[in-house]
Amino acid sequence: MDSLPEAVLIRILASIPAVDLVLVCRLVCCQWKNLVDGAALWILKCQQEGLTRAESDAENWQNFYFLSKKRKNLIKNPCGEEDLEHWGEVENGGDGWKIEELPGDFGKEFPSEEVHKYFVTSYEWCRKAQVIDFRAEGYWEELMDTTQPKIMVRDWYAGRSDAGCLYELCVKLLSENEDVLAEYKSETVTIPQDNDANWTEISHTFSNYGPGVRFVHFEHGGQDTLFWKGWYGVRVTNSSVTVEP
C-alpha cells in the first residue's frame, strides 16, 4: 500500500464506509490520517453518492458529507399520524387538540400529497411542544460547537374558511443545562373569519448561534377567535427541524 500513488489510495479509501474511515482507517498511519482528514477523499465520496455543493461553500467536506447523510426531519409525528405521540407539554384549552383528515370541513388540501392529517385547536389556547436532543440524534458536541451547522425550522398553519383564529410558533436552542442560547418567536398571526383556508409555511434559520447548543425546544399552538365550542381554531401540520449541511 505504501507504494500506491496517493490518488489511487484515495479511491480505495473512498469505497470504505465513512464511519470506518474516521474510527479505524485514520488510526492506521500518519498518511492515512492526513488523507481521511483532508478534503480530496470526502469530495470524492460526495461525488460518488450524489452529494453536490459548490467548492467555494465547503469549509469542511467531511462534516458536509456526514450532515448530508444524516439530514432528516427531527420532529417526530409531525402530521398527527400517531395521535399526540411524542408531543409533550400539551396545553388543551377549550375542547383540546384534535387530529383530523385533510382537507377537513371548510379547509383546503395540503400542498404535498404526502401529508394526510393535521392537528387542530379549540376555543381557548392549545399548545404542544417537542424537545430534540442533538446528541441522541447523532450530532456530536464538536460538530455543534465548531461547525455550528444551520438549524432550519419550518411549520405550516391554516384556518378554516368559516372561522377566525390565532397562531404562534416559538423555537429555542438550549444548552446542556437548558439555558436559552438563541430564540425565534413569531408574531401572533391573526387569520380573519371568511379567509381562503390556504396553508401557509413559516420558517426560520438559526446560524452563528455560538457553542453549547444541545437541544431544540419547538412549541406551537393557537385557538379560534369566535370561541365556538369544538375545533374551529388554527390547524397545524408538517412541522420540521433539520440540521443543514
Side-chain angles (χ1 to χ4, degrees), residues 73-133 151-174 178 180 182-206 215-242:
N73 184 6
L74 300 178
I75 291 286
K76 297 177 174 62
N77 186 29
C79 305
E81 297 291 347
E82 302 172 70
D83 198 47
L84 284 168
E85 188 73 20
H86 304 297
W87 291 97
E89 303 179 26
V90 176
E91 181 179 347
N92 283 305
D95 288 321
W97 287 96
K98 185 182 180 184
I99 290 88
E100 295 181 343
E101 298 275 348
L102 280 158
D105 293 341
F106 296 90
K108 294 281 184 66
E109 290 288 356
F110 192 77
S112 169
E113 295 181 355
E114 297 177 357
V115 178
H116 306 288
K117 295 183 178 182
Y118 58 83
F119 303 90
V120 59
T121 59
S122 191
Y123 58 86
E124 291 179 353
W125 270 97
C126 297
R127 292 183 175 89
K128 59 186 178 69
Q130 274 193 44
V131 176
I132 296 165
D133 183 338
I151 300 170
M152 174 69 79
V153 177
R154 295 184 178 90
D155 201 20
W156 288 82
Y157 64 89
R160 43 185 292 161
S161 61
D162 63 339
C165 59
L166 305 176
Y167 165 83
E168 287 183 358
L169 170 67
C170 181
V171 186
K172 301 174 183 178
L173 304 187
L174 307 177
E178 299 187 3
V180 178
E183 180 177 6
Y184 168 75
K185 187 171 184 179
S186 72
E187 298 179 354
T188 300
V189 178
T190 301
I191 301 175
Q193 190 177 13
D194 300 321
N195 64 87
D196 58 15
N198 285 332
W199 286 92
T200 300
E201 183 184 40
I202 184 172
S203 66
H204 178 75
T205 301
F206 291 98
F215 305 96
V216 174
H217 183 276
F218 179 104
E219 178 181 300
H220 62 180
Q223 68 172 89
D224 79 43
T225 54
L226 301 175
F227 302 98
W228 290 347
K229 183 173 177 57
W231 297 273
Y232 294 85
V234 73
R235 300 165 171 185
V236 294
T237 194
N238 205 38
S239 310
S240 68
V241 173
T242 55

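Under the 4.5 Å side-chain criterion, counting only non-hydrogen atoms from C-beta, E109 is in contact with P103. Counting only heavy atoms from C-beta outward, the side chains of W87 and W97 never approach each other to under 4.5 Å. Two residues are said to be in side-chain contact when any heavy atoms from C-beta on lie closer than 4.5 Å; V189 and Y157 meet this criterion. Between S112 and N238 there is no side-chain heavy-atom pair separated by less than 4.5 Å. Inter-residue side-chain proximity for I151 and L173 is flagged as met; some heavy-atom pair is nearer than 4.5 Å. Side-chain contact check for I202 versus Y167: some heavy-atom pair is nearer than 4.5 Å. Proximity of R154 to T242: side-chain heavy atoms (C-beta onward) are separated by under 4.5 Å at one or more points.
Checked by atom type and distance alone, the side chain of D162 never pairs as donor or acceptor with a backbone atom of D194 at under 3.5 Å. Not one N or O on the side chain of S161 forms a donor-acceptor pair closer than 3.5 Å with the backbone of A197. With hydrogens and angles disregarded, a donor-acceptor distance shorter than 3.5 Å links the side chain of N77 to the backbone of E85. Within the 3.5 Å criterion, the main-chain N or O of R127 finds no donor-acceptor partner in the side chain of E219. Although no hydrogens or angles enter the test, the distance criterion places a donor-acceptor pair under 3.5 Å between the side chain of D95 and the main chain of G230. Side chain of W231 to backbone of G96: a donor-acceptor contact under 3.5 angstrom is found. Proximity of a side-chain donor or acceptor of K117 to a complementary backbone N or O of I99 within less than 3.5 Å is not detected. Side chain of T225 to main chain of G164: a donor-acceptor pair is present (N/O by atom type, distance under 3.5 Å, no hydrogens or angles).
For the pair D155 and T237, the tightest heavy-atom approach, listed with the atom from each and the gap, is OD1-O, 3.7 Å. The shortest non-hydrogen separation linking Q193 to W228 is NE2-CH2, 3.7 Å. Across every non-hydrogen atom of K172 and E183, the tightest pair is CE-OE2, 3.5 Å. Of all heavy-atom pairs between A158 and N198, the closest is CB-O, 3.5 Å. Pairing each heavy atom of P78 with each of S239, the nearest pair is CB-O, 3.2 Å. Considering every non-hydrogen atom in both G93 and S122, the closest pair reads O-CB, 3.5 Å.
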List the steps, then state whether side chain to side chain contact (heavy atoms under 4.5 Å, CB included) holds for W199 with L102.
CA-CA 11 Å; W199 286 92; L102 280 158; 3.7 Å; yes
What's the verdict on side chain to side chain contact (heavy atoms under 4.5 Å, CB included) for L174 and V180, showing C-alpha distance, side-chain angles and the deciding distance?
CA-CA 5 Å; L174 307 177; V180 178; 3.8 Å; yes
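Separation of atoms CZ (F218) and CG (L74) is listed at 11.5 Å; rounding is to 0.5 Å. In this structure, CG on N92 lies 14.0 Å from CH2 on W125, to the nearest 0.5 angstrom. Between Y232 atom OH and R160 atom CZ the span is 5.0 Å, to the nearest 0.5 Å. Distance check: Y123 OH to F227 CZ gives 10.5 Å after rounding to the nearest 0.5 Å. Taken to the nearest 0.5 Å, the OG atom of S186 stands 5.0 Å off from the CG atom of L169. With values rounded to the nearest 0.5 angstrom, C170 atom SG is found 10.0 Å from Y184 atom OH.
In summary, the aromatic rings of H220 and W156 are positioned with their centroids too far apart to meet the 6.0 Å limit.
Between K98 and E100 a salt bridge is recorded (basic side-chain N to carboxylate O distance below 4.0 Å).
For E201, the CD atom counts as densely surrounded, since its 6.0 Å shell holds more than 12 non-hydrogen atoms of other residues, nucleotides or ligands. Within 6.0 Å of CD in E178 there are 12 or fewer heavy atoms belonging to other residues, nucleotides or ligands.
Screening V241, V171, V216 for a side-chain contact (heavy atoms from CB on, under 4.5 Å) involving F206 leaves a single residue, V171.
A donor-acceptor pair shorter than 3.5 Å cannot be found between the side chains of T121 and Q223.
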